[in-house]
Engineer: 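This is the structure, below, for whatever I ask next.
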Amino acid sequence: MEKFVEVLADKTALIARSRDLILEKIQTAISQRGQFTIALSGGGTPKPLYEALAAESLPWDKIHIFWGDERYVPPQHPDSNQLMARQAWLDRVDLPETHIHPMPTEADNPTADAQAHEAQLKDFFPEAQDFPAFDLILLGIGDDGHTASLFPHTEALEVRDRWVTIGNKDGQPRITFTIPLINHARCVLFLVAGASKQTALEHILAEEGDPLQYPARFIQPQGELYWLLDRAAGSVIEDR
Ligand SMILES: O=C(O)[C@H](O)[C@@H](O)[C@H](O)[C@H](O)COP(=O)(O)O
């Protein structure tokens, strides 16, 4: 694993740097393998990044969009990560609908939907031995140190033999990539902004710590690991 930690002056610089890094990974993946696979994160931080990517002229027919996690709500629900990414980015570009691979959330049975999505991923990555290698997995962190929908002290943190499992946020079900699936990525990019993330970030990036309390510590990908932070979040790192 190659790890990079960068602190950018502000959120605008953070979004520009994240966009540029993703454009670089798109070019590399397509030149080497003919396609680019990315799993998106939800929440609020990545929305301006998605809007910036919508302004780019890219070979959309070689790009495939997935999600690292999803709230267990219908796709039109205001909390849906899929809806946010579609409105900010995917609806604004000529991306074939068959290249958008959302996590299903409508079986009224999170386990069934998680298993269905795992089957969809296995159809897309037939060559995968144990886990597929996404070209890039975009992640955020919560103030509590969670990432994707891998929340502190939940069963999802124990799952090592599945690609997709059930997350649990205060009793609310989520669909989430598992730790081993994320760690098989060629590149993991954490996008972190805002002072509210400082404490979690300190615990996550410290030499020692409890990953059950700060699950983002479990993310040690076989490929590259980028932490792109704005100064509001990352000043604690700079001061170390
Ligand atoms: O479904 C989600 O909410 C995300 O995937 C989640 O893991 C998010 O990245 C963090 O909670 C940070 O969210 P903010 O960017 O809104 O702070």
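Remember, it's 1-based here, ligands and their atoms both numbered in the order they're listed. The structure presented is a predicted model; accordingly, all values stated were derived computationally and were not measured.
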Engineer: Could you tell me, atom by atom, which parts of ligand 1 come under 4.0 Å of a heavy atom of G140?
Structural biologist: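 Close to G140: 9 (O).
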Engineer: Hey, is ligand 1 close enough to L139 that some N/O pair sits below 3.5 Å?
Structural biologist: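 Looking only at distances, the answer is no, because the N/O contact criterion of under 3.5 Å is not met.
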Engineer: So, is K197 polar-close to ligand 1, with some N/O to N/O distance under 3.5 Å?
Structural biologist: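 Yes, K197 has an N/O under 3.5 Å of an N/O on ligand 1.
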Engineer: I want to know if ligand 1 touches A148 in the polar sense, i.e. an N/O pair below 3.5 angstrom.
Structural biologist: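 There is such a contact, yes.
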Engineer: Can you tell me the protein heavy atom closest to atom 8 (C) of ligand 1 and the distance?
Structural biologist: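 Of every protein heavy atom, G42 O, 4.0 Å lies nearest to atom 8 (C) of ligand 1.
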Engineer: Please determine whether side chain to side chain contact (heavy atoms under 4.5 Å, CB included) holds for the pair H153 and D210, giving the CA-CA distance in whole Å, both sets of side-chain angles, and the decisive distance to 0.1 Å.
Structural biologist: CA-CA 10 Å; H153 300 293; D210 178 6; 4.2 Å; yes
Engineer: Using the rule that Ile, Leu, Val, Met, Phe, Trp and Tyr join whenever any side-chain heavy atoms are under 4.5 Å apart, tell me whether L83 and I38 fall into a single cluster.
Structural biologist: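 No.
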Engineer: Could you name the option among V192, T45, D69, L150 that has the heavy atom nearest to atom 1 (O) of ligand 1?
Structural biologist: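 Residue with the shortest heavy-atom distance to the ligand atom: D69.
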Engineer: R160 side chain to P180 main-chain N or O, any donor-acceptor pair under 3.5 Å?
Structural biologist: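 It does not hold such a pair.
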Engineer: What I'd like to find out is whether the side chain of I166 reaches to under 4.5 Å of the side chain of I175, using heavy atoms alone.
Structural biologist: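 Yes. Closest side-chain heavy atoms under 4.5 Å.
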Engineer: Can you see which heavy atom on T178 is nearest to which on V164, and at what distance?
Structural biologist: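 So the two residues come closest at CG2-N, 3.8 Å.
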Engineer: Run the numbers on F125 and F131 for ring-ring contact (aromatic ring centres under 6.0 Å, His included), then give the verdict.
Structural biologist: CA-CA 9 Å; F125 293 103; F131 294 91; over 10 Å; no
Engineer: Which residue holds the protein heavy atom closest to atom 3 (O) of ligand 1, what is that atom called, and what is the gap in Å?
Structural biologist: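 Result: R71 NH2, 2.8 Å.
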Engineer: Between W227 and I237, is there a side-chain heavy-atom distance shorter than 4.5 Å?
Structural biologist: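 No, too far: nothing below the 4.5 Å cut-off.
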Engineer: Of the side chain and backbone of I141, name the one, both, or neither that has a heavy atom under 4.0 Å from an atom of ligand 1.
Structural biologist: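 It is the backbone that gets close, since no side chain atom is under 4.0 Å.
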Engineer: Provide the number and element of each atom of ligand 1 under 4.0 Å from a heavy atom of N81.
Structural biologist: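 Checking each atom against N81, I get 1 (O), 2 (C).
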Engineer: Just which atoms of ligand 1 are under 4.0 Å from any heavy atom in G44?
Structural biologist: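 Checking each atom against G44, I get 14 (P), 15 (O), 16 (O).
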Engineer: Cluster question for you: counting only ILVMFWY and a side-chain heavy-atom cut-off of under 4.5 Å, with indirect links fine, are I182 and F66 together?
Structural biologist: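 Yes, it is one cluster - the side chains of I182 and F66 are joined through contacts under 4.5 Å.
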Engineer: Tell me the protein heavy atom at minimum distance from atom 13 (O) of ligand 1, and give that distance in Å.
Structural biologist: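 The closest heavy atom on the protein side is G43 CA, 3.9 Å.
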Engineer: Given the rule that I, L, V, M, F, W and Y join up when any side-chain heavy atoms are under 4.5 Å apart, are I30 and L58 in one cluster?
Structural biologist: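 Same cluster.
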Engineer: List ligand 1 atoms under 4.0 Å from H146, heavy atoms only on the residue side.
Structural biologist: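 Listed by number with element: 6 (C), 7 (O), 10 (C), 11 (O).
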Engineer: Heavy-atom pairs closer than 4.0 Å: do any link ligand 1 to the side chain of E70, the backbone, both, or neither?
Structural biologist: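 For E70, no heavy atom sits under 4.0 Å from ligand 1.
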